[in-house]
There are 2 protein chains.
Amino acid sequence: MVDRDDVLTAAQRALNADPAASMTAVAEAAGISRATLHRHVDSREALLVELGTRSLDQWEQRLDDVDVEALAASDDADRIRAALEELVLGYVDDSDVFGFALTDQVILANAALEARTQVLADREAVLFAAAQSVGVLRTDLPARWFGHAIYGLLVSGRDAVRLGDVARRDLGRLVLSSLLTGIATP
Amino acid sequence: MVDRDDVLTAAQRALNADPAASMTAVAEAAGISRATLHRHVDSREALLVELGTRSLDQWEQRLDDVDVEALAASDDADRIRAALEELVLGYVDDSDVFGFALTDQVILANAALEARTQVLADREAVLFAAAQSVGVLRTDLPARWFGHAIYGLLVSGRDAVRLGDVARRDLGRLVLSSLLTGIATP
DNA sequence: CTCACATGCGACAAGGATGTCTCAATAGGA
DNA sequence: TCCTATTGAGACATCCTTGTCGCATGTGAG
């Protein structure tokens, strides 16, 4: 028997491989018929939205895990820096599974998801701002920019691995060190 | 009268605004009828491929402008660094117009465009490698990674501007400085 | 064994986009 | 002015995808 969660996971995998995959392709990937797929999910858009929600859940979980709010109030530069690294490395791992959601037009165009994205970005931005004030992150860049920069490097990291330019196991280090210290010689 | 070039430019604009724009929408944006649009372009895919080609032309032009090959052979660290900056700032400008091509599935899935992308990425990688050997770029990162990192920051930069988190005029500086020196405090 | 329930399969209608065609209007040059 | 080439508008067939439905199958619990 195929669990609803199995279906969503399979759909995730299928859409990760081909972001334009049709419901037929998704159903095949899940090893069920299209009719059964529709017994689990109302529509293609609903599926995408649900997967988008899943990815936001995961994002939120990462933020909870490092306890963003407490951290932001802590003034502990070392812990903040460590948390930032942990966060980014976590995102890199997540991008393996949720990467397609980063650039999917249906997900990006959904108002509810966009609103929740804003909320999470706000939470994150609080941490960034705290990191700025304790001297971990540069103060000459807007706090809101950091999240975007991370996002971009996740997209490029995915791409680099897909094209074989970078080994998957090196990705975390590459993204993190490019992000924090840049690609130029110090 | 509407020039073929006008049509492509308008299509660019329309697809930039909405990457999923239909041929009807593109035609409207160009101020012509759908039939006339098809007199200029065989199919939607052909249109996308042509616009993708255009963006690669522009990329190639940027590489020509800085004379990548000569530069890579020059061993002049200052000039290489300056060229890198010029290149990236140029890309940021181009992303205004060609940004949608960065993530469009039709364009990305096209074999011919992907092949040419590889060629251009190779040219660029030569410059990156030279930059590494003269001490401008870090040697502990793969030369092929740099191009991806730039790509990612272009995507995020576009996004940041679209969401209003970053002013368009600040974008070049943000991207360039995040890329080169990272977001962490030195 | 039997029954209920989930599934696969096939068929179906609907919707949307694409590409083609024809015909009338129009603009621009001879 | 007249002729020609281009355009717009609309109609059309086609294709693909989506979502729904009915029916037969099979499996698992009791």
Exercise for review: Just grab all the ring-ring contact (aromatic ring centres under 6.0 Å, His included) pairs involving residues 117-158 of chain B, residues at least two apart or on different chains.
Suggested key: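 Qualifying pairs: B:F128-B:F146.
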
**Study point:** Residue A:Q118 excluded, over 12 heavy atoms near CD under 6.0 Å
**Key:**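 Yes.
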
Review point. Is B:D78 salt-bridged to B:R81, cutoff N-O under 4.0 Å?
Key: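 Salt bridge: no.
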
Point to revise | Cationic N near anionic O, under 4.0 Å, A:R123 to A:D64 | key: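 Judged by the 4.0 Å cut-off on N to carboxylate O distance, A:R123 and A:D64 do form a salt bridge.
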
Between atom [atom1] in [X] and atom [atom2] in [N], what is the gap in whole Å?
X	N	atom1	atom2	value
A:L47	D:dT17	CG	C1'	14 Å
B:I32	D:dA9	CD1	C1'	14 Å
A:R4	C:dT7	CZ	C1'	17 Å
A:L48	D:dT17	CG	P	15 Å

Check your understanding: Quick one: what's the B/S/- string for nucleotides 17-23 of chain C, heavy-atom cutoff under 4.0 Å, read 5' to 3'?
Key -> -BBBBB-

Review point. Does the side chain of A:T36 get closer than 4.0 angstrom to OP1 or OP2 of C:dT7 through an N or O atom?
Key: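 Checking A:T36 against C:dT7: no side-chain N or O falls below 4.0 Å of OP1 or OP2.
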
Review point. Between the side chain of B:S178 and the main-chain N/O of B:V175, is any donor-acceptor distance below 3.5 Å?
Key: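 Not a single qualifying donor-acceptor pair exists.
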
Review point. So, does A:Q132 use its side chain to make a donor-acceptor pair with the main chain of A:L137 at under 3.5 Å?
Key: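 The answer is no, because no donor-acceptor pair under 3.5 Å joins these two groups.
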
